[in-house]
Amino acid sequence: MESISDKIAQTNDDNVGQPIVRFKNVVKKIGRKTIIEGLTLDVPPGQVFGFLGPNGSGKTTTIRMMTGLMKLTAGDIAVGGHSIARNFEQAITQVGAIVENPEMYSYLSGYANLRQYARMRSDVSKERIDEVVRFMGLQHRIHDKVSTYSLGMRQRLGVAQAILHRPKLLILDEPTNGLDPQGIRELRDYLRELTRREGTTVFVSSHLLSEMELMCDSVAIIQAGKLIDVRQLNAESDAETLLETIFDVEQIEEAIALLEGGEIRDGRLVVRTNREGIAEINARLVQAGIAVYGIRPQKRSLEDQFLEMTGGGQIV
Amino acid sequence: MSNFFRLVHNENIKIHARTRTWIMLGILLLVAILMPVLFHFISDGIGVWSSMNTMLQFWFLPTVFSIAVAADSVAGEFSRGTIKLLLIRPWSRINILLSKYVSILLFILTLYALLMLVSLGMSALLFDTSSGPSDILGELAGSLADYFWWALLYRLVDTLMYVTMAFMFASLFRSNSLSVALTIVLIFMGSLVTLLANPSQYEIGRYLIFANLNLGQYLASDTGNYGVTTLGFSIAVLAVYYVVFLALTFWVFRKRDVA
């Protein structure tokens, strides 16, 4: 079978392959309050898929429904073609997850915790446990009690229990909570590694836009229980696209005259150009004896786009 | 599908990895060793089975310990948040809860076995095995030994009922302390309730669980403490309560939204 990531690379199309998760008009009401309002969404396989929204927008509720912890009020969620409501065991067997904080039995060792989850399946060998422990870099502390672990180590142990059975779908709820920058970077790296090596689809929720941008191939944006946008993020196309670039120069007027373009914003020169253009403009300015103190391409971040879309203010 | 007994094994590990459990076992061991020694010093010429019948007074120890473990087995998973990672496995909630219940039944048997076997061993060392002077208890059940085994069986039934009650409260309220407290309160309130709704005066009283617990009452009289019930009647009433408790426990656990 052709690998999933190849297919995506070739076609760069939304609807390649069967979606690993299908939300069909999902509604969740708690009491009279509607938490999720008619969520319909397909998650394509083999990606890191971001589920983005402000606190209280229904991300965790959605994840609880995906993992069968909460019942749906209406609609259906299918994982790998199996309904989580009607065929729970077939659906969940393909899923590994952390829901909120990865709470483990603190009076057991990390290893004993993993053994607990391994015993609940028939497809996890001792060798596999050791492999995952090494992959997560836990081998030195795995036989210590979890009560002695730092938050970062608990997160890693949480990921370890989630990937133990090589799930097709890995669900992580706010996985960067409590991680230091180093930990966040490592998490990003091993999620990439997982999608590449094992073809795992990663469904990751967060309210931290900048992180999602670095981590995800696509994001769905949810606000107040409603899906407001789904988009692909493409980090590679930067070289071609025109970007606003800020040049911090001494003589702005002269520079504008020289370049026959650009504008002044906040006392700095702003030019729209691509990668090549930046180098060229810099060379011309320097040749003309104009001192350049700084060059900064203005990437329009997901955060900007998000704030635009949600009208700002709502983001926490 | 992997084996259900691996789930039970998981639950057993969770019980026995706790220091608490070993303190309970330690207390039972001490009681089982020291009490027969104490009996030896304070009473003259009693036999093994008199000693054992007195040991039965300590039935509340395994009962209270099992209540604490049963409540924690369910409510503790909720308060620690570990319930989430437990439920997202390819097992139905019914099976997960059932494995917990089975592990608790095993725990009850372990506690009783420890208490009774060790004290029986101690008593056999200290006392005359050829039964001491027969007393009123012995005459009731044929012999003191027979009386002991029947009374032990009936105590096990009481423990089972109370522990099942605690298990139900834990599933309903997800609070460890509330479940233990409610169960203990009910144990103490039992005699008060049967005093107020006395089964010998009020028809309704005989259907209360408290009037039918302590099946040992039928060792003394065929019509029980109140003269209006029989062993068969009490077993039937307890069976109905038992089924209702368990049905409620599993139904609530199965349909609950886990937050």
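Letters A, B, ... mirror the listed sequences (proteins, then strands); counts begin at 1.
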Item to complete: Search all heavy atoms of A/Glu100 against all heavy atoms of B/Ala259 and return the closest pair with its distance.
Response: OE1-C, 4.4 Å

Discussion item. Less than 4.5 Å to any heavy atom of chain B: does that hold for the side chain of A/Phe88, its backbone, both, or neither?
Written reply: side chain

Worksheet entry | Partner set under salt bridge (Lys or Arg N to Asp or Glu O under 4.0 Å) for B/Arg254, not counting sequence neighbours | none

Discussion item. Heavy-atom cut-off 4.5 Å, strictly under: side chain, backbone, both or neither for B/Arg256 against chain A?
Written reply: backbone

Worksheet item: Quick one: CZ on B/Arg6 to CZ on A/Arg115, what's the gap to the nearest 0.5 Å?
Response: 9.0 Å

Worksheet entry | Where at least one partner belongs to residues 98-109 of chain B, residue pairs that pass side chain to side chain donor-acceptor pair (under 3.5 Å), sequence neighbours excluded | B/Glu11-B/Lys100, B/Glu77-B/Lys100, B/Tyr101-B/Thr164, B/Tyr101-B/Tyr242

Fill in: Audit row: A/Arg119, B/Ile13, side-chain contact (heavy atoms from CB on, under 4.5 Å) steps and yes/no
CA-CA 12 Å; A/Arg119 264 185 225 108; B/Ile13 289 173; 3.4 Å; yes

Discussion item. Only heavy atoms, only distances under 4.5 angstrom. Which residues in residues 105-123 of chain B are near chain A?
Written reply: none

Fill in: Contact leader toward chain A among B/Leu7, B/Ile96, B/Val258, B/Asn10, where contacts are heavy-atom pairs under 4.5 Å
B/Asn10

Worksheet entry | Residue pair B/Leu86, A/Tyr105: steps toward the side-chain contact (heavy atoms from CB on, under 4.5 Å) verdict | CA-CA 11 Å; B/Leu86 183 64; A/Tyr105 303 102; 4.2 Å; yes

Item to complete: Return yes when atom CD1 of B/Ile204 has more than 12 non-hydrogen atoms of other residues, nucleotides or ligands closer than 6.0 Å, and no otherwise.
Response: no

Discussion item. Shorter than 4.5 Å, heavy atoms on both sides: which option in B/Lys255, B/Lys14, B/Arg80 has the most such pairs with chain A?
Written reply: B/Lys14

Worksheet item: Does atom NZ of A/Lys168 have more than 12 heavy-atom neighbours, drawn from other residues, nucleotides or ligands, at distances under 6.0 Å?
Response: no

Fill in: Distance in Å, A/Glu103 CD paired with B/Thr82 OG1, rounded so as to fall on 0.5 Å steps
7.5 Å

Response to the item:
Bottom line for A/Gln161: the part with an atom under 4.5 Å from chain B's heavy atoms is both

Worksheet item: Under 4.5 Å, heavy atom to heavy atom, which residues of residues 23-38 of chain A contact chain B?
Response: A/Lys28

Practice prompt. Dump the intermediate steps for side-chain contact (heavy atoms from CB on, under 4.5 Å) on A/Leu69 and B/Ile88, then the final yes or no.
Written response: CA-CA 7 Å; A/Leu69 292 174; B/Ile88 57 167; 4.1 Å; yes

Worksheet item: So which of A/Ala97, A/Ser106, A/Gly158 has the largest heavy-atom pair count under 4.5 angstrom toward chain B?
Response: A/Ala97

Worksheet item: Between B/Ile83, B/Asp257, B/Leu87, which shows the greatest number of heavy-atom pairs under 4.5 Å with chain A?
Response: B/Asp257

Worksheet item: Quick one: CZ on B/Arg18 to CG on A/Leu108, what's the gap to the nearest 0.5 Å?
Response: 9.0 Å

Worksheet item: Does the B/Arg89 side chain pair with the main chain of A/Glu89, one donor and one acceptor, at a distance under 3.5 Å?
Response: no

